[in-house]
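To start, the structure under review is shown below, and the notes come after it.
This one's a predicted model, so the numbers in the text were calculated from it and none came from an experiment.
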Amino acid sequence: MADIILHPELTLPPLKRLHGVNNGPVCYGSLLDVTPYYEKAGFPLIRLHDTNWPNPGEVDIHTIFRDFSRDADDPASYDFSRTDEYIRSVLATGAKIVYRLGESIEHTKVKYYVHPPADMEKWARICVNIIRHYNEGWADGFHYGIRYWEIWNEPDNPDRNCMWSGTPEQYYEMYRIAATAIKRHDPALKVGGQAATMVNLPFTEGFVAYCRDNRLPLDFFTWHTYADEPGQIMRNALKARKLLDEAGFEDTESHLNEWNYMRADEGTEAELWGRLWKPGGETFRRSLFERQKNEEGASFAAAVFAMLQDAPIDEANYYDGQPHELFSGLFDAYGIPQKTYRVFEQFQLMCAYGKRVGLAIGESAAGLYGFGVSSDDGAEMAMWISNFCGESRQYSIEVVGGGGSAAHAAGTSWRTECRLLDAERNFDSPAVIAGEDGAVEVFLPRHSVMVLRWKRF
């Protein structure tokens with residue numbers, strides 16, 4: 001039996017376009033603009049958090065409403081100019097937006113903005129007026145129709161109160177006040193949180209229970225995972241869905257709105273984060289962040305895209321898209337696309353196929369992840385395979401049904417083309433592969449991604 005079998009006659013739910021990112025294409029004070037690459041990759045959803053970090057000048061509440069003592073209902077109290085320009089650049093790529101209402105992360109010893117608002121009712125009113133500016137034209141604004149409004153980010157982050165200096169109860173109260181005010185203003189908007197660092201911490205369990213007990217709106221629940229193997233994301237997806245369902249939030253969307261590849265050569269995850277930022281950790285940092293860009297990080301991203309197709313996740317956003325960010329596995333600091341970007345670009349092309357079809361990866365091909373697609377008329381089929389952690393060897397591939405022996409018996413002819421991404425290649429010019437009855441063999445190195453296409457002629 002072949003290692004990998006495509007079943008084009010088995011139709012599955014269509015591909016989920018889960019290749020969203022955090023933040024837009026413009027950075028370095030607008031000197032660097034990678035908009036053409038954003039457009040080509042077709043990022044469907046862009047979340048605004050840590051925008052232009054570590055010196056954010058837009059999106060954050062304090063960058064728009066600079067003096068909290070001023071009148072929250074006076075348009076003159078707001079400075080939308082920089083955020084207006086930033087959002088324009090994001091929407092110009094064709095993406096939708098998740099707007100995080102809150103503040104960017106602060107790793108400094110002194111925290112400036114990540115504190116509970118002195119007046120939560122007023123803070124909620126400011127949030128509503130930001131929504132009015134971007135959706136209803138208020139204060140010389142726009143009619144963008146932004147649907148997703150996320151309240152804060154990672155208030156449970158244990159790293160020196162870098163995202164929230166208050167208590168869990170203070171965050172729960174702020175969410176209650178803000179979410180209620182937003183839904184009262186416009187019930188059609190989607191409001192959510194909490195951008196959890198972990199889906200099973202007491203903070204998060206308490207948040208969901210608080211929303212349940214107080215009958216609060218929770219249209220979407222957001223959570224994060226930085227992992228060294230795709231299974232960690234699937235396990236957290238199941239935990240998040242279970243937590244929501246058991247609390248009666250069966251209709252609440254689950255958003256994985258920060259994820260990336262984090263691989264340490266040795267030590268635990270806690271040791272990784274500690275070592276990463278300590279003096280003397282510069283070589284370790286370079287190794288870790290370069291892995292996000294190379295074939296290792298690329299094959300991880302490709303594996304995640306495949307795995308998420310069967311995960312209880314509604315939206316996902318890779319962290320981070322902006323080239324100047326350390327966590328940007330998509331570009332280098334000059335804006336040059338990296339191997340992981342090429343995976344996003346190819347995945348967008350796969351989403352153009354009308355149907356998702358069956359794909360079976362046998363036990364002999366452990367460490368591989370994939371999915372199959374087909375055009376609506378069946379004239380073209382494709383297979384997506386990531387060898388993230390499997391053996392480097394020849395893999396046998398077979399098409400059963402639409403492109404296999406039955407089609408050949410009926411006189412159908414197929415051209416089989418293969419594109420590979422690995423240490424040397426970036427899905428370059430396709431290689432034509434010879435095979436009989438829909439069966440081919442391809443050598444897949446560990447940390448590689450393959451797109452295999454069958455075209456009828």
Look at the rings of Y318 and F344 and say which category their plane angle falls in: under 30° parallel, 30 to 60° tilted, over 60° perpendicular.
perpendicular
For R425, salt bridge (Lys or Arg N to Asp or Glu O under 4.0 Å) partners two or more places apart
D422
Not counting sequence neighbours, which residues clear ring-ring contact (aromatic ring centres under 6.0 Å, His included) with Y113? List them please.
H62
Is D79 reaching over with its side chain to a backbone N or O of S81, donor-acceptor style, under 3.5 angstrom?
yes
Please check: side-chain N/O of K16 versus main-chain N/O of L308, any donor-acceptor pairing under 3.5 Å?
yes
Check whether the side chains of H115 and S165 place a donor and an acceptor atom closer than 3.5 Å, and report yes or no.
yes
More than 12 non-hydrogen atoms from neighbouring residues, nucleotides or ligands closer than 6.0 Å to CZ on R285, yes or no?
yes
Of all residues at least two apart in sequence or in a different chain, which pass the salt bridge (Lys or Arg N to Asp or Glu O under 4.0 Å) check with E229?
R235
Contacts table for residues 25-33: side-chain donor-acceptor under 3.5 angstrom, sequence neighbours left out:
{"from": "D33", "atom 1": "OD1", "to": "T35", "atom 2": "N", "distance (Å)": "2.9"}
{"from": "D33", "atom 1": "OD1", "to": "T35", "atom 2": "OG1", "distance (Å)": "2.5"}

Is it true that a side-chain atom of N23 and a backbone atom of G321 form a donor plus acceptor pair closer than 3.5 Å?
no
For H19 and G42, indicate whether the former's side chain and the latter's backbone hold a donor-acceptor pair under 3.5 Å.
yes
All salt bridge (Lys or Arg N to Asp or Glu O under 4.0 Å) counterparts of D428, not counting sequence neighbours:
none
Dump the intermediate steps for side chain to side chain donor-acceptor pair (under 3.5 Å) on E136 and H185, then the final yes or no.
CA-CA 11 Å; E136 300 167 21; H185 176 74; 2.6 Å; yes
Could you list the donor-acceptor pairs under 3.5 angstrom formed between side-chain atoms of residues 445-453 and any protein atom two or more places apart in sequence or on another chain?
{"from": "H447", "atom 1": "ND1", "to": "S299", "atom 2": "OG", "distance (Å)": "3.4"}
{"from": "H447", "atom 1": "ND1", "to": "F388", "atom 2": "O", "distance (Å)": "2.9"}
{"from": "S448", "atom 1": "OG", "to": "P445", "atom 2": "O", "distance (Å)": "2.6"}
{"from": "R453", "atom 1": "NE", "to": "Y353", "atom 2": "OH", "distance (Å)": "2.8"}

Are K111 and E106 close enough for a salt bridge, meaning some N to O gap below 4.0 Å?
no
Within the structure provided, determine whether F220 and D314 are in side-chain contact (heavy-atom separation under 4.5 Å).
no
